[in-house]
Every structure is written in C-alpha cells, then in structure tokens.
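One structure is given here, and the rest of the page talks about it.
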Number of protein chains: 2
Amino acid sequence: MVQHSRIRLDGSFGALSDATRRGVLEQLGRADASITDLADKFHMTLTGMKKHVHVLEHAGLVTTEKVGRVRTCKLGPRRLEEESAWLERYRLLWDARFDELDNVVEALKRKEK
Amino acid sequence: MVQHSRIRLDGSFGALSDATRRGVLEQLGRADASITDLADKFHMTLTGMKKHVHVLEHAGLVTTEKVGRVRTCKLGPRRLEEESAWLERYRLLWDARFDELDNVVEALKRKEK
DNA sequence: TAGATACTGAACCACATGGTTCAGCATTCG
DNA sequence: CGAATGCTGAACCATGTGGTTCAGTATCTA
C-alpha cells in the first residue's frame with residue numbers, strides 16, 4: 001500500500017516535472033487530441049510527443065484509444081488527489097515548523113527581558 | 001514570468017518525484033537535521049544524500065547552513081503554493097471536462113427518446 | 001598534537017530522459 | 001490501385017539521475 005502510493009507519486013510528480021507534459025494536460029483539458037495535433041502544437045516530432053504521451057498514460061493522467069490510424073488522447077481517470085493531499089500535508093508541516101520557530105523567537109524575547 | 005514559473009515547477013515537481021526527497025522533507029518538517037543524520041535515516045552514503053539535499057535546495061524547498069563542520073538542513077522558504085495552485089487548476093479542468101462529457105451523454109439520451 | 005568526525009569533490013557506473021532520424025506498417029482518400 | 005496520412009519501433013545522442021567509492025580538507029575532542 002505504502003509502496004504502491006510511493007510509486008504512484010514518483011510517476012505522477014515525475015510526469016508533471018516537464019513543461020511540455022503539463023501543457024499537454026492543459027490542452028487535453030480543452031479538447032481531446034491526436035498525437036499529430038499535440039506534436040504540432042508543441043513543435044516536436046511525432047515520436048517525441050508519443051513518448052511524452054506514454055509517460056502521461058503510464059502515470060494514469062491520460063488515456064488513449066486508436067481508431068483507424070488515429071490515436072486519440074484524452075484526460076485519464078486520475079484527478080491528482082493523492083498529489084494534492086501530499087502537498088496539503090506538506091504545507092501543514094511547513095506551517096507547524098514555522099510556528100514552532102515563532103515560539104522559539106518568542107521565548108528568546110521573553111528571556112531577554 | 002511565465003518562463004520563471006515554468007522552470008520553478010519543473011524543479012519542484014522534479015524534486016518531489018523521488019521518494020527519498022519527499023521523505024527528507026517530511027523529516028525536516030519534524031526537526032532540522034545534518035547531512036549525516038539524513039544519510040543514516042535513509043540508509044545511504046553522505047555523498048548520495050548531499051546530492052538529494054542539493055536538488056531540494058536548488059528547488060527552494062530546503063536551506064542549509066554550515067556551522068563548524070556540520071551542515072544543518074531546514075525547510076526552505078517555499079510552501080509549494082504554485083504547485084498546489086497548478087494541481088487545483090488541473091482538477092477544475094478535469095471536472096469541467098467530465099461535466100462536458102456528462103452533458104454529451106445527456107444530450108445523446110435525449111436524442112434517443 | 002593525534003585521531004575521530006563531518007563534509008566535499010572528482011570520478012565512475014548503469015540507467016532514464018528528452019529529443020532526433022529513418023524505415024516501416026496500416027489506413028484512408030482520390 | 002497508388003499516394004498521402006498517422007502512427008510505431010529501433011537506433012542513436014547528449015545530458016541528467018541516483019547511487020557508489022576514494023581521496024581529500026576542515027573541525028572538533030581527548
């Protein structure tokens with residue numbers, strides 16, 4: 001379970017760490033697209049784009065279906081919930097950490113008096 | 001500006017795409033730590049851990065300070081706000097996309113009648 | 001001062017990433 | 001049928017990643 005989640009986060013954060021792939025996701029949010037559409041939009045060869053799509057598909061962020069000679073890409077089933085949750089948890093941690101720091105500062109101030 | 005943000009997201013999502021680095025962040029949320037502390041905790045050489053810390057530092061997620069022979073690592077200034085915002089925006093997109101799909105399904109249903 | 005401790009840098013390794021080109025294959029169109 | 005279109009796979013390339021070892025340097029401690 002932990003393993004599973006770890007691997008998922010590796011994959012999805014990794015997928016999001018590239019501007020082209022984030023762009024593809026935003027694009028697919030507006031409309032489904034073929035590999036050719038995406039390759040044109042992002043000024044890249046078909047083969048190059050196919051690799052990006054593969055990464056996104058592997059991360060569950062995109063699904064594709066080939067009909068005739070066209071492979072159509074759509075947004076996948078994952079809503080990045082775990083990823084949002086991780087970030088949210090981190091921000092709580094961060095806040096707590098800095099609150100603690102504030103407390104230390106406060107304590108020092110009191111000592112000074 | 002856009003460029004700047006793009007690069008930041010590349011760096012931070014990239015930093016988060018590794019389980020060890022996410023672990024280091026969680027650890028530093030509990031307490032500051034030296035490179036040695038972290039290397040021990042994650043069963044890795046000092047040199048290996050130093051590289052992870054460097055990636056986190058480069059992404060603004062960790063700051064370090066060397067006092068004497070010890071380099072102490074703490075959480076950095078960035079709270080992953082842009083990253084949260086990106087994910088949130090994506091989820092809105094995702095919802096809109098699937099709502100649209102629902103509408104299409106509804107429209108088809110109406111046509112069938 | 002000697003030795004232990006903590007980090008640093010260089011070099012290396014296997015493998016992944018982000019791209020390309022080129023040579024196909026399958027499908028569609030005229 | 002023949003040509004154009006859309007994708008696919010293999011091979012290649014430069015660079016990055018995640019780790020190691022080894023050989024230092026700097027700092028503490030006894």
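First the proteins, then the strands, lettered A, B, ... as listed; each starts at 1. Reckoned from all heavy atoms, side chains included, excluding hydrogens, waters and symmetry mates.
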### Query
Want to settle it: does B:Val70 or A:Gly48 sit nearer the 5' end of DNA chain C, counting the closest nucleotide to each?
B:Val70
### Message
At less than 4.0 Å, is any side-chain N or O atom of B:His52 found next to OP1 or OP2 of D:dT17? Yes or no.
### Response
no
### Query
Can you tell me if A:Arg79 uses its side chain to pair, donor with acceptor, with the backbone of B:Trp94 under 3.5 Å?
no
### Message
Please report the distance, rounded to the nearest Å, between CG in B:Asp37 and P in C:dA6.
### Response
9 Å
### Atom-pair distance (CZ on A:Arg71; P on C:dA26), nearest Å
15 Å
### Message
OP1 or OP2 of D:dG18 versus the side-chain N and O atoms of B:Arg21: is any pair under 4.0 Å?
### Response
yes
### Message
Main chain of A:Leu16, side chain of A:Arg22: is a donor-acceptor contact present, judged purely on distance under 3.5 Å?
### Response
yes
### Task
Rounded off to whole Å, could you give me the NE2-to-C1' distance for the A:His54 and C:dT17 pair?
13 Å
### Query
Can you check whether B:Gly60's main-chain N or O pairs, donor with acceptor, with B:Arg8's side chain at less than 3.5 Å?
no
### Query
Between B:Tyr90 and A:Leu61, what is the shortest heavy-atom contact and its length?
OH-O, 3.8 Å
### Task
To the nearest 0.5 angstrom, please state how far the CE atom of B:Met49 sits from the NZ atom of B:Lys41.
10.5 Å
### Query
Is there a salt bridge (charged side-chain N to carboxylate O under 4.0 Å, His left out) between A:Asp32 and B:Arg97 once you walk through the steps?
CA-CA 10 Å; A:Asp32 296 348; B:Arg97 196 79 194 113; 3.1 Å; yes
### Atom-to-atom span, CG of A:Asp18 to C1' of D:dT17 - whole angstrom
15 Å
### Query
Using a heavy-atom distance cut-off of less than 4.0 Å, which residues of residues 38-47 of chain B contact DNA chain D?
B:Met44, B:Thr45, B:Thr47
### Side-chain (A:Arg89) to main-chain (B:Glu26) donor-acceptor, under 3.5 angstrom
no
### Summary
Within residues 55-68 of chain B, the residues having a heavy atom closer than 4.0 Å to DNA chain D are B:Gly68
### Query
CE of A:Met49 versus P of C:dT21: gap in Å, rounded?
15 Å
### Query
Below 4.0 angstrom from OP1 or OP2 of D:dG9, is there any side-chain N or O of A:Lys50?
yes
### Message
Quick check: do B:Leu25 and A:Trp86 have side-chain heavy atoms less than 4.5 Å from each other?
### Response
yes
#### Entry: Separation of D:dG16 P from B:Asp10 CG (nearest whole Å)
13 Å
### Message
Looking at every heavy atom in both A:Leu75 and A:Leu28, which two are closest together, and how far apart are they?
### Response
CD2-CB, 3.6 Å
### Message
If I take atom CZ in residue A:Arg69 and atom C1' in nucleotide D:dA4, what distance separates them, rounded to the nearest angstrom?
### Response
7 Å
